[in-house]
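Okay, structure first, notes after.
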Amino acid sequence: MPTANILTLDGEIDFHLSPEVAASLRAIVANKPKRVVVDLSKVTYLDSSGLAVLIDGMQNTQEYGGKFSLAAMQEDLRPVFEIACLDQVFKFFPDVECALAADAIAVRGNGSRTATNFALSQN
């Protein structure tokens, strides 16, 4: 089982590009990595079809016990997630490195910040 896979997206993720993103996520999830990270640093627009693809990828990853997270989201995209209340569903990290390190942060049992709290404190 691979440890992690990173999918880097670029540009506008709308109904024209969503099928390609969905195919990429399906291919990644088929290998059942422990962690799937979607790098949104270069995404300038995301519509409902893009959100649906991300939700599907998250659900498919969670089905086999993997962890799915989003990294480096542009502030312009935040309202898209907030309006749909998906800011409460996805795990967001300030960058890919933080997303990949989340397991190490979360397992500290000495009162250190959890991965979720770490991500929120960095935004």
* To do: Count the heavy atoms of every other residue, nucleotide or ligand shown that sit under 6.0 Å from CD of Glu20, and state whether that count exceeds 12.
  => no
* Asked: In Å, rounded to the nearest 0.5 Å, how long is the span from CG of Leu40 to CG of Asp10?
  -> 11.0 Å
* Asked: Looking only at atom types and distance, does a side-chain atom of Asp14 sit under 3.5 Å from a main-chain N or O of His16, one as donor and one as acceptor?
  -> yes
* Identify whether Val38 and Tyr45 are in the same connected component of the hydrophobic contact network (ILVMFWY, side-chain heavy atoms under 4.5 Å). => no
* **Sequence-distant partners of Asp56, side chain to side chain donor-acceptor pair (under 3.5 Å), two or more places apart** => Asn60
* For Thr61, all residues meeting side-chain contact (heavy atoms from CB on, under 4.5 Å), sequence neighbours excluded -> Val29, Val36, Tyr64, Phe68
* Taking only residues two or more places apart in sequence, or in another chain, which ones meet Phe15 in a ring-ring contact (aromatic ring centres under 6.0 Å, His included)? -> none
* To do: Identify, with sequence neighbours excluded, every residue that meets side-chain contact (heavy atoms from CB on, under 4.5 Å) alongside Asp39.
  => Ile6, Thr8, Ser41, Ala72, Val96
* Structure fact -> Between Phe93 and Ser69, the two heavy atoms sitting closest are CE1-CB, 3.5 Å
* Asked: Under the ring-ring contact (aromatic ring centres under 6.0 Å, His included) test, which residues partner Phe81, sequence neighbours left out?
  -> Phe90, Phe92
* **Ser24 OG to Leu17 CG distance, which is reported to the nearest 0.5 Å** => 8.5 Å
* Structure fact -> Tightest non-hydrogen contact, residues Gly57 and Leu25, listed as CA-CD1, 4.2 Å
* With sequence neighbours excluded, tell me which residues meet side chain to side chain donor-acceptor pair (under 3.5 Å) with Ser18. => Ser49
* Spatial distance of atom CG (Leu86) from atom CD1 (Ile55) [nearest 0.5 Å] -> 4.5 Å
* To do: Under the side-chain contact (heavy atoms from CB on, under 4.5 Å) rule, collect the residues that match up with Glu82, sequence neighbours excluded.
  => Arg78, Asp87
* Asked: Considering the options Leu54, Val53, Leu9, which one meets the side chain to side chain contact (heavy atoms under 4.5 Å, CB included) requirement together with Leu46?
  -> Leu54
* Asked: Does Asp95 have any side chain to side chain donor-acceptor pair (under 3.5 Å) partners at least two apart in sequence or in another chain, and if so, which?
  -> none
* **Shortest non-hydrogen contact from Gln74 toward Val43** => CG-O, 3.5 Å
* Taking only residues two or more places apart in sequence, or in another chain, which ones meet Thr44 in a side-chain contact (heavy atoms from CB on, under 4.5 Å)? -> Glu12
